[in-house]
2 protein chains.
Amino acid sequence: MEAREVLENHALKTTSCRHEVLGLLLSTPQALSQSEIEKSIDPDTDRVTVYRTLKTFLEKGLIHKVLDDSGATKYALCIDCGVNDHNHEHVHFKCNECGQTSCLDKVSIPVINLPPGYKITEKNILVHGICQNCG
Amino acid sequence: MEAREVLENHALKTTSCRHEVLGLLLSTPQALSQSEIEKSIDPDTDRVTVYRTLKTFLEKGLIHKVLDDSGATKYALCIDCGVNDHNHEHVHFKCNECGQTSCLDKVSIPVINLPPGYKITEKNILVHGICQNCG
DNA sequence: GTTTATGCAAATTCTTTGCAATACT
DNA sequence: AGTATTGCAAAGAATTTGCATAAAC
């Protein structure tokens, strides 16, 4: 999938910042923080524009937030999400060695039984450990 | 359990800020953000001191971070944690209505099967939905 | 009496906002 | 051409650091 194509599908104008950020996320298997993104794109790009780009992508459902144990926010592509049909219920894995966070789309989300009176709308699972590369 | 007692157990001097913050966490069933903590203690307390207090509590294992969907960090007491024996593997629940985050200590952590090559050291589960009070 | 924590000031860093200029379709 | 996005400047928060004073044990 090309960045330009994804942008068109979401009715977003193709600008260089959007193209670069989206292209980066498309080609990176891990979730990236804003600062990591900034380091990997044209250094002349305004930091504010990156903020707004990520915000737009979140709103339009192109990407989702991935939480880090430290509280840092990273971003990753929504793979299976339609515009109004979000599905972020996959497991996120953070490696203690290399620090990289990835979405394990193929790992099924377990059933969680809460006490009576609770209603679940979303489950967010972050697993820590050692990844395949570092193990 | 008294705040003073907990501080002594962890070899921490009893200062008013520590006493207040810890007392607040002891008496609150929900996880609290730094700003929520600041609003509930003596308003003369320096914000920097609260930062340092929370940092110390984290390092000494009195409290742990609880992540929010939005990426905000909250703090909650470590119930079952020894100094070198941490156990944060409980489910965290955030209510979409009241916004409160609580630790569901009694909900068992499900087994998660990762692909070969991954080693798990910790599981962090955040569930969103409607809590008992709001449901 | 020593050691440690606090309070203040200030430096950094992060994030948001307003507005004119620019780029996109 | 018309609308949306960018870049810049600057405001506003959040967080960290250094150091002298004050408090705890």
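Per chain, numbering begins at 1; letters A, B, ... match sequence-line order.
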It should be established whether B:T15 places a side-chain nitrogen or oxygen under 4.0 Å from OP1 or OP2 of nucleotide D:dA24.
no
Verify, without hydrogens or angle tests, whether B:Q132 (side chain) and A:P116 (backbone) share a donor-acceptor contact under 3.5 angstrom. yes
Rounded to whole Å, the CG-P distance (A:L54 to D:dT5) equals 14 Å
For A:T56, report the nucleic acid contact type (base, sugar-phosphate, nothing); a contact means any heavy atom under 4.0 Å. nothing
Sorted by number, residues from residues 36-47 of chain A placing a heavy atom under 4.0 Å from DNA chain C are A:R47
Original post:
Ignoring hydrogens and geometry, is there a side-chain-to-backbone donor-acceptor pair from B:S27 to B:L24 under 3.5 Å?
Top reply: yes
- In terms of side-chain heavy atoms, does A:T73 have a donor or acceptor partner in A:D68 at a distance below 3.5 Å? no
With A:V50 as partner, the option from A:E20, A:Q34, A:K55 fulfilling side-chain contact (heavy atoms from CB on, under 4.5 Å) is A:Q34
Contacts of B:K55 and A:V48 projected onto DNA chain D by closest heavy atom; the upstream (5') one is A:V48
Are any protein N/O atoms closer than 3.5 Å to N/O atoms in nucleotides 11-13 of chain D? If there are, list each pair with its distance.
none

inquiry  = Donor-acceptor pair, distance only, cut-off 3.5 Å: does the side chain of B:Q100 make one with the backbone of B:C95?
reply    = no
In the 5' to 3' direction, the nucleotides of DNA chain C bounding the stretch that comes under 4.0 Å of a heavy atom in chain B are C:dT3 to C:dA9
Ranking B:Y51 and B:S16 by the position along DNA chain D of their nearest nucleotide, the one closer to 5' is B:Y51
Look at the rings of B:H92 and B:H64 and say which category their plane angle falls in: under 30° parallel, 30 to 60° tilted, over 60° perpendicular.
-> parallel
- Can you tell me if B:R18 uses its side chain to pair, donor with acceptor, with the backbone of B:L12 under 3.5 Å? no
So, A:N96 versus B:T121: side-chain donor-acceptor pair below 3.5 Å or not?
yes
Between CG of A:L12 and P of D:dA4 the distance, given in whole Å, is 12 Å
State whether the side chain of B:T49 and the backbone N or O of B:T45 hold a donor-acceptor pair below 3.5 Å, judged by distance alone. no
Using atom types as modelled and distance alone, determine if a side-chain donor or acceptor of A:E38 lies under 3.5 Å from a backbone N or O of A:P43. no
- Message: Base, sugar-phosphate or nothing for A:R52? Non-hydrogen atoms, less than 4.0 Å.
- Response: base
Worksheet entry | B:E8 side chain vs B:E5 backbone, donor-acceptor pair below 3.5 Å | no
Whole-Å distance, B:N9 CG to D:dC25 C1', equals 16 Å
